Amino acid sequence: MALRFFNTYSRDLEQFHPRDPNGRKIDIYTCGPTVYSRAHIGNFRAYIFEDLLQRHLELRGYNVHRVMNITDVDDKTIRGAREAKIPLQEFTAPFKQAFFQDIERLRIKRADDFPAATDQIYIDKMIAMISTLIARDLAYQAEDKSVYFRINRFPDYGKLAHFDLTQLQSTGRVKHDEYDKEHIGDFALWKAWDEEDGDIGWESPWGRGRPGWHIECSAMATALLGDQIDIHCGGVDNIFPHHEAEIAQSEGCTGKKFVRYWLHCAHLLVDGQKMSKSLGNFYTLADVLEKGYTGREIRYALMRVHYRAPLNFTWDGMEEARQSLGRIDDWLTRLRETAGNKIDVAGTTQRTDAANNFEETLDDDLNISAALGFLFETIRETNRAMDRGELDPASANAWLNWWERVDSVLAISDGENEIPAEVSKLAREREQARLAKDWRKSDELRNELNARGWETRDTKDGQKITRRAGA
RNA sequence: GGCGGGGUAGCCAAGUGGUAAGGUCGCGGUCUGCAAAACCGCUAUUCGCGGGUUCGAUUCCCGCCCCCGCCUCCA
């Protein structure tokens with residue numbers, strides 16, 4: 001099956017065709033974090049979806065160039081810096097650092113570029129774009145000195161969200177001191193400095209101020225990827241107004257179609273509800289790690305549901321993720337034992353079929369659930385063959401090679417676990433106790449190993465110890 | 001009110017105009033000193049509800065109900 005994705009713009013599944021005439025190079029722009037606090041697991045669901053997308057495109061032979069912006073100036077960062085009585089950069093730095101730590105723990109590939117909104121080159125680019133928009137009558141400076149986009153002059157405004165502009169209602173989420181706008185839907189490109197901004201601001205043709213949120217992404221995307229990009233991703237809540245505004249700004253400047261495919265990830269719910277601090281169901285990655293779950297377990301839990309379906313985060317779900325990964329770990333351990341020392345043996349026809357199923361399923365708008373279904377079916381079939389002693393080393397190796405491809409997309413395999421000397425000493429003692437049929441001592445040692453996070457299994461080839469899932 | 005996404009077993013979830021993948025949990029069995037893992041078996045006569053089309057619908061059409069989100073700076 002050819003690659004296809006659900007494009008928010010058309011609300012339809014579309015075959016994927018990159019702009020690159022050779023069909024190999026793909027540009028992706030993804031909206032990154034606002035660094036005013038630790039990102040929460042809902043944010044990471046979106047980033048994991050984007051990572052899955054990139055990894056699958058790469059498995060399919062595409063050369064992906066991805067940009068993720070860092071918003072390091074906005075109302076919240078300014079407020080945070082003011083309350084902490086420290087410079088803005090000093091306030092955002094630790095959150096940037098935490099963000100990079102978090103994505104590493106979740107095995108999210110780093111983007112090729114992480115432009116920050118406060119980089120002078122992007123501020124300059126934003127100012128240049130705003131000037132162009134004003135020159136084209138698509139923007140105006142209002143009485144309050146801020147510059148706004150004039151949505152009535154951009155006929156396509158509302159096409160992405162499929163909104164009728166006359167229906168726009170204020171939700172009161174934004175402070176409404178913006179009476180100077182011509183239309184309630186006009187959004188700020190440049191926000192005039194006010195007292196609350198303190199010493200944060202940049203000089204511009206319209207006076208001191210700071211960029212609006214939307215213009216950042218237009219400036220950084222076009223600066224790094226050009227006037228047109230293949231795929232732009234984000235959470236569904238960014239469709240309107242953020243991405244709608246990006247289209248208006250970018251196309252208003254370049255006159256070219258900005259994005260070919262808009263992909264949006266559904267929300268993460270926690271216990272069936274939106275995360276919020278007041279409900280006490282608000283989790284950062286650190287919160288979940290503290291409960292004893294590992295990065296790959298969290299990655300799996302956030303990845304296993306299709307990106308366009310709402311995902312309900314629960315602790316039962318985390319436990320399920322742990323058990324599922326344990327099943328995969330044990331399967332790999334067995335395959336490696338069966339394969340012995342052989343490496344790089346040519347695959348079997350059976351392997352190829354499974355590979356196609358896994359990959360073709362992902363081609364269909366990243367159908368991860370079906371892809372995992374194929375993986376687990378494969379696991380059962382090969383386990384059955386190994387139980388019967390019917391899987392030869394060459395086939396086991398072929399499966400391991402297949403897994404390498406699968407895991408290049410999923411990125412969920414367990415690291416190599418070195419067995420600590422102390423643990424292997426206990427294991428040897430238990431082996432001796434078992435030979436002596438001293439079951440009491442043997443069981444005590446098993447409990448001891450268990451307490452240290454290691455599980456023992458007595459097989460016909462002798463005792464095996466493995467690291468317990470999550471330990 | 002407008003615009004979306006979703007409603008399939010205890011929980012998570014795939015899927016198709018032809019009779020329900022997979023994961024997890026639970027129960028029984030094989031194996032084991034006992035376990036663990038693995039494997040085998042059982043667990044939705046049924047896919048939110050009501051109509052319609054059809055030889056046949058969970059899948060198509062119409063109506064309705066419920067959950068979640070967006071509607072101007074939340075991924």
Side-chain angles (χ1 to χ4, degrees), chain A residues 8 11 30-34 39-50 71 74-76 149 151 158 161-176 178 181 183-188 191 212-214 216 233-242 244-245 264-269 272-276 301 304-306 308-312 314 316-317 319-324 326-327 329-331 333-334 361 367-377 379-380 383-388 434 437-439 442-443 446 450 455-460 464 466 468:
Chain A
T8 307
R11 307 271 189 213
T30 53
C31 288
T34 301
H40 57 68
I41 55 176
N43 300 119
F44 289 117
R45 182 198 187 186
Y47 305 145
I48 287 171
F49 142 65
E50 289 152 5
T71 298
D74 79 322
D75 291 351
K76 285 175 285 200
F149 190 94
I151 61 169
H162 296 228
F163 277 171
D164 176 354
L165 298 185
T166 61
Q167 295 290 322
L168 287 185
Q169 292 177 7
S170 173
T171 52
R173 205 173 73 191
V174 177
K175 64 172 180 177
H176 256 283
E178 297 167 347
K181 295 193 293 186
H183 186 291
I184 187 180
D186 288 353
F187 55 88
K191 304 184 92 154
W213 179 42
H214 314 304
E216 279 177 30
C233 309
V236 285
D237 50 351
N238 273 163
I239 295 172
F240 195 89
H242 186 54
E244 196 71 61
H264 290 98
C265 177
H267 270 282
L268 178 82
L269 302 174
Q273 287 179 292
K274 188 170 175 172
M275 256 190 286
S276 81
R304 65 194 226 284
V305 173
H306 185 83
R308 280 191 291 117
L311 167 56
N312 192 15
T314 61
D316 282 350
E319 208 49 45
E320 181 187 327
R322 168 169 293 178
Q323 295 304 326
S324 303
R327 184 167 166 77
D329 295 343
D330 289 337
W331 173 66
T333 302
R334 266 188 102 179
T361 303
N367 188 343
I368 186 72
S369 301
L372 290 172
F374 280 120
L375 170 63
F376 284 107
E377 278 174 11
I379 289 175
R380 192 178 59 235
N383 272 333
R384 190 188 294 148
M386 286 189 279
D387 272 4
R388 291 176 183 155
R434 279 176 46 73
K437 297 200 188 293
D438 183 351
W439 307 129
S442 159
D443 290 350
R446 179 165 61 196
N450 223 275
E455 202 162 73
T456 54
R457 284 175 199 162
D458 303 315
T459 73
K460 61 180 187 299
K464 299 263 161 67
T466 52
R468 211 178 54 233

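These values consider heavy atoms only, across backbone and side chains, with no hydrogens, waters or symmetry-generated copies. What you are looking at is a predicted structure, and each value in this text was computed from that prediction instead of being measured.
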query = When rounded to the nearest Å, what value does the distance between P atoms of G10(B) and C47(B) take?
reply = 13 Å
request  = Would you state whether a donor and an acceptor, one from the side chain of Arg457(A) and one from the base of C31(B), lie under 3.5 Å apart?
outcome  = no
Distances for protein N or O near nucleotides 39-42 of chain B N or O, under 3.5 Å:
{"residue": "C39(B)", "atom": "OP1", "partner": "Arg327(A)", "partner atom": "NH2", "Å": "3.3"}
{"residue": "C39(B)", "atom": "OP1", "partner": "Asn383(A)", "partner atom": "ND2", "Å": "3.4"}
{"residue": "C39(B)", "atom": "OP2", "partner": "Arg327(A)", "partner atom": "NH1", "Å": "3.2"}
{"residue": "C39(B)", "atom": "O4'", "partner": "Asp387(A)", "partner atom": "OD2", "Å": "2.7"}
{"residue": "C40(B)", "atom": "OP1", "partner": "Arg384(A)", "partner atom": "NE", "Å": "2.9"}
{"residue": "C40(B)", "atom": "OP1", "partner": "Arg384(A)", "partner atom": "NH2", "Å": "2.6"}

query = Would you say the side-chain atoms of His306(A) and Ser369(A) include a donor-acceptor pair closer than 3.5 Å?
reply = no
Integer angstrom distance from the C1' of A36(B) to that of G15(B) = 34 Å
task = Report yes if a donor N or O on one partner sits less than 3.5 Å from an acceptor N or O on the other, where the partners are the side chain of Asp443(A) and the base of G33(B); otherwise report no.
result = yes
task = Have a look at Lys76(A) and say if it touches a base, only the backbone sugar-phosphate, or nothing, with a 4.0 Å heavy-atom cut-off.
result = sugar-phosphate
inquiry  = I'd like to check, for Trp439(A), whether its ring lies over the base of G33(B) with centroids under 5.5 Å apart and a plane angle smaller than 30°.
reply    = yes
remark   = Separation between OG1 (Thr456(A)) and CG (Asn450(A)), nearest 0.5 Å, reads 7.0 Å
remark   = For Glu244(A) and Gly158(A), the nearest pair of non-hydrogen atoms, with its separation, is OE2-N, 2.8 Å
ask   = Looking only at N and O atoms, is any donor in the side chain of Thr8(A) or the base of G4(B) less than 3.5 Å from an acceptor on the other one?
value = no
task = Test for a donor-acceptor pair under 3.5 Å between the base of G22(B) and the side chain of Glu377(A), counting only N and O atoms.
result = no
request  = State which of G69(B), G2(B), A37(B) makes the closest approach to the side chain of His267(A).
outcome  = G69(B)
ask   = Has the side chain of Arg45(A) got a donor or acceptor atom that lies under 3.5 Å from a matching backbone atom of Ala266(A)?
value = yes
query = Between Glu455(A) (CD) and A38(B) (C1'), how many Å, whole number?
reply = 13 Å
message = Taking any heavy-atom pair under 4.0 Å as a contact, classify Thr459(A): base, sugar-phosphate, or nothing.
response = nothing
